[in-house]
**Q** 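Got a structure for you, questions after.
Numbering of ligands and ligand atoms starts at 1, following listing order.
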Amino acid sequence: MSGFLETSSRIWLTGATSGIGEALARQLIKDGHSLVVTGRRQSALDELASLAPDRVSGARADTTSTAELGQIDPVLTAGAPLDLAILNAGTCEYLDVSQFDSELIGRNIETNVMGTVRSVERVLPHLRRTRAQGRPAALVIVGSSAWWFPFGRAEGYGSSKAALAYFAQSLRADLAREGIEVFLVSPGFVKTPLTDRNDFPMPFLIEADEAASRIIQGLKKGHHTIEFPRRFTWTLRLLGNLPQGLIDRMAARMARNTPQEN
Ligand SMILES: NC(=O)c1ccc[n+]([C@@H]2O[C@H](COP(=O)([O-])OP(=O)(O)OC[C@H]3O[C@@H](n4cnc5c(N)ncnc54)[C@H](OP(=O)(O)O)[C@@H]3O)[C@@H](O)[C@H]2O)c1
């Protein structure tokens, strides 16, 4: 397994404007890498670009729009070949089952699955060009550990991240022959604007800076599966491997104790 980020690299990072993505952007900029940063909020992109104007370019795009992603292609093309694409943009909306809403589930899937899939479509030709020059190239897909256990209200978010994990692993198999590596990141709870909205206890919550460091360490070590914090992901793996009847009873009890949204 090869390691990344040991030398100065050129990286496309989506979801760079807040939370885990912003923490990652700041650490990668500090470490001397060159970045193309993407999100929908131009002011946040400008702020990141101002940290190192010669190495950081803002490329505003909504990842649910093929047209907007197409418009940033010149920015991805400019400069050195891309070594890494870190596809981190994501959203989380919880379902109130008493007001079942397919649109809400669709929004989770549109952003988390199709937004990532569209980004892969945009960046693959760039990574192929990098490989053609004999350089390592990789896709990093930010999933979640949330889908390892059937949490109530997470029908949309959990199913989107389950789909994304399968997508990443299947893509890893297909791209292996081209030498394009695929990393899957599965965080537990991280304190960000996304989780600040949560109204339930979040065990083993970590700061976004720690999450960013864990991702960078994993990439440097060439770990294609990056899961953290261990005390959370190990507990969840253990729970997820219990007999199904037991999982169902625990999940139903937890769902009863979780407040529904108003
Ligand atoms: N926080 C956690 O506990 C946790 C746990 C597991 C996995 N994750 C995953 O980690 C990733 C980052 O989450 P976070 O907690 O850092 O959330 P966050 O602070 O809400 O950040 C989400 C990022 O995604 C961008 N984004 C969202 N929708 C987008 C769209 N349609 N087009 C382009 N950019 C979009 C946002 O940028 P704009 O607002 O500028 O568009 C923002 O930069 C997500 O994939 C999330 O599912 C988070």
**Q** Do any N/O atoms on Ser145 end up under 3.5 angstrom from N/O atoms on ligand 1?
**A**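 No, no N or O pair falls under 3.5 Å.
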**Q** Mark up the atoms of ligand 1 that fall under 4.0 Å of a heavy atom belonging to Asn88, in ascending order.
**A**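 Listed by number with element, the hits are 10 (O), 11 (C), 12 (C), 44 (C), 45 (O).
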**Q** So is there a nitrogen or oxygen of Gly39 less than 3.5 Å from a nitrogen or oxygen in ligand 1?
**A**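 Between Gly39 and ligand 1, no N or O pair is found under 3.5 Å apart.
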**Q** Whether the side chain of Arg129 engages the backbone of Leu82 through a donor-acceptor N/O pair (distance < 3.5 Å, no angle test) should be reported.
**A**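 A pair under 3.5 Å: no.
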**Q** Is the shortest distance from a heavy atom of Ala146 to ligand 1 less than 4.0 Å?
**A**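 The answer is no, since Ala146 has no heavy atom less than 4.0 Å from ligand 1.
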**Q** Can you find a non-hydrogen atom of Cys92 under 4.0 Å from ligand 1?
**A**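 Heavy atoms of Cys92 never come under 4.0 Å of ligand 1.
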**Q** Donor-acceptor pair, Arg197 side chain versus Cys92 backbone, under 3.5 Å?
**A**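 Looks like yes, one N/O pair under 3.5 Å.
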**Q** With atom 8 (N) of ligand 1 as the reference point, say which of Tyr157, Phe189, Phe232 has the nearest heavy atom.
**A**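 That would be Tyr157.
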**Q** Side chain, backbone, both or neither: which applies to Ala208 and ligand 1 if a contact is any heavy-atom pair less than 4.0 Å apart?
**A**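 Neither part.
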**Q** Within the side chain of Ser144, is there an N or O that forms a donor-acceptor pair under 3.5 Å with the backbone of Ser186?
**A**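 Looks like no, no N/O pair under 3.5 Å.
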**Q** Among all protein heavy atoms in this structure, tell me which lies nearest to atom 4 (C) of ligand 1, with the distance rounded to 0.1 Å.
**A**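 For atom 4 (C) of ligand 1, the nearest protein heavy atom comes out as Gly188 O, 3.9 Å.
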**Q** Hey, are Arg118 and Glu110 close enough for a salt bridge, meaning a charged N less than 4.0 Å from a carboxylate O?
**A**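 Result for this pair is yes, salt bridge flagged.
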**Q** Could you identify the single nearest non-hydrogen protein atom to atom 32 (N) of ligand 1 and state the distance to 0.1 Å?
**A**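 Of the protein heavy atoms, Thr63 N, 2.9 Å lies nearest.
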**Q** For atom 41 (O) of ligand 1, what's the nearest protein heavy-atom neighbour? Residue, atom name and distance, please.
**A**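 Looking at atom 41 (O) of ligand 1, the protein heavy atom closest to it is Arg40 NE, 2.5 Å.
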**Q** Between Thr38 (side chain only) and Ala59 (backbone N and O only), is there a donor and an acceptor less than 3.5 Å apart?
**A**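 Side chain of Thr38 to backbone of Ala59, a donor-acceptor pair under 3.5 Å: yes, one is there.
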**Q** Can you report which non-hydrogen protein atom sits closest to atom 35 (C) of ligand 1, along with the distance?
**A**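 Going by distance alone, atom 35 (C) of ligand 1 is nearest to Ala89 CB, 3.7 Å.
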**Q** Just to be sure I read this right, does ligand 1 sit under 4.0 Å from the backbone of Lys161, its side chain, both, or neither, counting only heavy atoms?
**A**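 Side chain only; the backbone of Lys161 stays clear of ligand 1.
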**Q** Would you say the side chains of Asp31 and Gln27 form a donor-acceptor pair under 3.5 Å?
**A**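 No, no side-chain donor-acceptor pair sits under 3.5 Å.
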**Q** Hey, which atoms in ligand 1 end up nearer than 4.0 Å to a heavy atom of Thr111?
**A**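 Result: 28 (N).
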**Q** Quick check: does Arg41 get an N/O under 3.5 Å from an N/O on ligand 1?
**A**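 There is such a contact, yes.
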**Q** Residues in ring pair (Phe, Tyr, Trp, His ring centres under 6.0 Å) with Phe151, at least two apart?
**A**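 By the ring pair (Phe, Tyr, Trp, His ring centres under 6.0 Å) rule, Phe151 matches Phe149.
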**Q** Strictly distance-based, threshold 3.5 Å: is any side-chain N or O of Ser9 a donor or acceptor partner for the main-chain N or O of Ile11?
**A**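 Pair absent, no side-chain N/O of Ser9 close to backbone of Ile11.
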**Q** Within less than 4.0 angstrom of ligand 1, does Asp62 place any heavy atom?
**A**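 So Asp62 counts as touching ligand 1.
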**Q** Could you tell me whether Thr192 and ligand 1 have an N or O pair separated by under 3.5 Å?
**A**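 Thr192 vs ligand 1: N/O contact under 3.5 Å present.
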**Q** With heavy atoms only and a cut-off of under 4.0 Å, state how Leu194 meets ligand 1: side chain, backbone, both or neither.
**A**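 Near ligand 1, Leu194 shows its backbone as well as its side chain.
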**Q** Is Thr17 close to ligand 1, meaning an N/O of one under 3.5 Å from an N/O of the other?
**A**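 Yes, there is a polar N/O contact under 3.5 Å.
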**Q** Using a 4.0 Å cut-off to any heavy atom of Ile20, which atoms of ligand 1 qualify?
**A**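 By the 4.0 Å cutoff, the relevant atoms are 10 (O), 16 (O), 48 (C).
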**Q** For atom 18 (P) of ligand 1, which candidate among Ala25, Ser43, Ser18, Gly19 holds the nearest heavy atom?
**A**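 Comparing heavy atoms across Ala25, Ser43, Ser18, Gly19, the nearest one to atom 18 (P) of ligand 1 lies in Ser18.
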**Q** Side chains of Tyr157 and Leu95: closer than 4.5 Å at any heavy-atom pair?
**A**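 Side-chain contact under 4.5 Å: no.
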**Q** In the protein, which heavy atom is nearest to atom 3 (O) of ligand 1, and how far is it?
**A**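 Ranking protein heavy atoms by distance from atom 3 (O) of ligand 1, first comes Val190 N, 2.7 Å.
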**Q** Got a salt bridge between Glu47 and Arg26, using NZ or NE/NH1/NH2 to carboxylate O under 4.0 Å?
**A**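 Salt bridge flag = yes for Arg26 with Glu47.
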**Q** Using a 3.5 Å cut-off on N or O atoms only, is Thr64 in polar contact with ligand 1?
**A**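 No, since none of the N or O atoms of Thr64 sits under 3.5 Å from an N or O of ligand 1.
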**Q** For the 3.5 Å polar cut-off, considering only N or O atoms, please tell me whether Thr91 and ligand 1 meet it.
**A**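 Between Thr91 and ligand 1, no N or O pair is found under 3.5 Å apart.
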**Q** What's the separation between atom CG in Leu24 and atom CD1 in Ile215, rounded to the nearest 0.5 Å?
**A**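 Taking CG in Leu24 and CD1 in Ile215, the distance rounds to 4.5 Å.
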**Q** Would you confirm whether Asn112, through its side chain, and Thr91, through its main-chain N or O, come within 3.5 Å as a donor-acceptor pair?
**A**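 Present.
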**Q** Record the part of Ala61 in heavy-atom contact with ligand 1 below 4.0 Å; permitted values are side chain, backbone, both and neither.
**A**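 Ala61 to ligand 1: backbone contact only, side chain stays beyond 4.0 Å.
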**Q** Please examine the side chains of Val185 and Asn88, heavy atoms only from C-beta on, and report whether any two atoms are closer than 4.5 Å.
**A**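 Contact flag for Asn88/Val185 side chains = no.
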**Q** Minimum distance, heavy atoms only, to atom 27 (C) of ligand 1: which one of Gly90, Ser160, Gly15 is it?
**A**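 Going through Gly90, Ser160, Gly15 one by one, Gly90 has the nearest heavy atom to atom 27 (C) of ligand 1.
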**Q** May I ask whether Gly143 has any heavy atom positioned less than 4.0 angstrom from an atom of ligand 1?
**A**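 In this structure, Gly143 qualifies as a contact of ligand 1 - some heavy atom is under 4.0 Å.
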**Q** Can you tell me if Glu68 uses its side chain to pair, donor with acceptor, with the backbone of Arg60 under 3.5 Å?
**A**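 Such a contact is absent between Glu68 side chain and Arg60 backbone.
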**Q** Suppose the criterion is side-chain hydrogen bond (donor to acceptor under 3.5 Å, both in side chains): which pairs have a residue in residues 162-179, not counting sequence neighbours?
**A**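 Sorted result for residues 162-179: Arg128-Glu178.
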**Q** May I ask you to list the atoms of ligand 1 that are less than 4.0 angstrom from any heavy atom of Thr195?
**A**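 Listed by number with element: 1 (N), 2 (C), 3 (O).
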**Q** Report yes or no: does Arg214 contribute a side-chain atom to a donor-acceptor pair with the main-chain N or O of Phe228 at less than 3.5 Å?
**A**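 Not at all, since once roles are kept as given, no pair shorter than 3.5 Å links the two residues.
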**Q** With heavy-atom distances below 4.0 Å as the criterion, list the atoms of ligand 1 near Ala16.
**A**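 Those of ligand 1 that fall under 4.0 Å from Ala16 are 43 (O).
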